[in-house]
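As the structure is a computational prediction, the values presented were derived from the model and not from experiment.
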Amino acid sequence: MKESTKLPVVLSISFLLIFLQTAGAFYSKSLALFAYAGLIITRVFSLLPKFVNLNDTDKGFSKAQIVSVILNASVIFILALIIISKAFTEMTSTKTINMPLAGIITFIVFVGLVVCSFIEKQFILTALLSFVIITGFSIPIFKSIFLLDYYLSIFFAVLIIIQAIILIKFSACALKKNFT
């Protein structure tokens, strides 16, 4: 596959997977699935600076794309903080999670991420993290599954924060290096 078509294909598949994971989080009432969708979003945003370098665009448009990556990563960072806050405030409540739906959606997203990892190698770790959700929801580790949902959502939110900080730093360095 040509380099010019790899990134648009991966971006298209990834955006479909983000939508699927978010819809699965909504219908299964799982905060962990929502946080996992955020992790996929940060992984996709890390591809966008490569996409800027592929296109033969003027410097102003490339600069705007990199600035938008920084702003979007900042919003994702704030979203991860909200996920952590929500997980801590609702940890004592009981809720019903549709575990079969969460497992099926996450498995479909896993397959999509495996396809993406054949095209762009950086999706391998994100794909493997799907097994944390699938295993956690299928094997009763905790007395109540909703506790696992909150712990997983905090874990994924911390990963989102780390990924967003790395992405902001990388994009700021690229902006400084290429456009000053």
Under 3.5 Å, which donor-acceptor pairs link side chains of residues 38-49 to any protein atom two or more places apart or in another chain?
{"from": "T42", "atom 1": "OG1", "to": "L39", "atom 2": "O", "distance (Å)": "2.7"}
{"from": "R43", "atom 1": "NE", "to": "Q122", "atom 2": "O", "distance (Å)": "3.4"}
{"from": "R43", "atom 1": "NE", "to": "T126", "atom 2": "OG1", "distance (Å)": "3.4"}
{"from": "R43", "atom 1": "NH2", "to": "Q163", "atom 2": "OE1", "distance (Å)": "3.4"}
{"from": "S46", "atom 1": "OG", "to": "R43", "atom 2": "O", "distance (Å)": "2.5"}
{"from": "S46", "atom 1": "OG", "to": "Q122", "atom 2": "NE2", "distance (Å)": "2.9"}

Might you point out which heavy atoms bring A172 and I70 nearest each other, and give the distance in Å? N-CD1, 3.8 Å
Can I get a per-line list of side-chain donor-acceptor pairs under 3.5 Å for residues 97-108, giving both atom names and the distance, sequence neighbours left out?
{"from": "N98", "atom 1": "OD1", "to": "L101", "atom 2": "N", "distance (Å)": "3.3"}
{"from": "T106", "atom 1": "OG1", "to": "A102", "atom 2": "O", "distance (Å)": "2.7"}

Side-chain heavy atoms under 4.5 angstrom apart, residues restricted to Ile, Leu, Val, Met, Phe, Trp, Tyr: same cluster for L31 and V158? yes
I'd like to know if L128 and L17 are part of one continuous hydrophobic network [Ile/Leu/Val/Met/Phe/Trp/Tyr, side-chain heavy atoms within less than 4.5 Å]. no
Is there a donor-acceptor pair under 3.5 Å between the side chain of D149 and the backbone N or O of S30? no
I165 side, atom CD1; I76 side, atom CD1 - distance, nearest 0.5 Å: 13.5 Å
Closer than 3.5 angstrom, by distance alone: can the side chain of T22 be matched with the main-chain N or O of I18 as a donor-acceptor pair? yes
Less than 4.5 Å apart, side chain to side chain, heavy atoms only: is that true for L33 and V109? no
Report yes if the side chains of L79 and F34 come closer than 4.5 Å at any heavy-atom pair, otherwise no. yes
Distance-only, no hydrogens or angles: does the S171 side chain make a donor-acceptor pair with backbone N or O of I168 under 3.5 Å? no
Test side chain to side chain contact (heavy atoms under 4.5 Å, CB included) on F155 and L129 and set out the steps. CA-CA 11 Å; F155 172 70; L129 287 173; 4.1 Å; yes
About how many Å separate CG of L125 and OG of S130, when rounded to the nearest 0.5 Å? 10.0 Å
Let me confirm one number: the CZ-CD distance from F19 to Q21, rounded to the nearest 0.5 Å. 12.0 Å
If you take all heavy atoms of S153 and I83, which pair is closest and at what distance? O-CG2, 3.9 Å
Write down the atom of I133, the atom of A32, and the distance for their closest heavy-atom approach. CD1-O, 4.4 Å
Minimal non-hydrogen separation, L167 against A73, with atom names: CD2-CB, 3.9 Å
ILVMFWY cluster, F88 and L159 together (side-chain gap under 4.5 Å): yes
Single-linkage hydrophobic cluster, 4.5 Å side-chain cutoff, L11 and L20 together: yes
At what distance, to the nearest 0.5 angstrom, does CD1 of I84 lie from OG1 of T89? 12.0 Å
For the student: nearest non-hydrogen atoms of I154 and A87, plus distance: CG1-CB, 3.6 Å
Sorted by chain and number, sequence neighbours left out, ring pair (Phe, Tyr, Trp, His ring centres under 6.0 Å) with F156 holds for Y36
Should I124 and I162 be counted in the same cluster of Ile, Leu, Val, Met, Phe, Trp and Tyr side chains packed under 4.5 Å apart? no
Heavy-atom closest pair, residues C116 and I13: SG-CG2, 3.4 Å
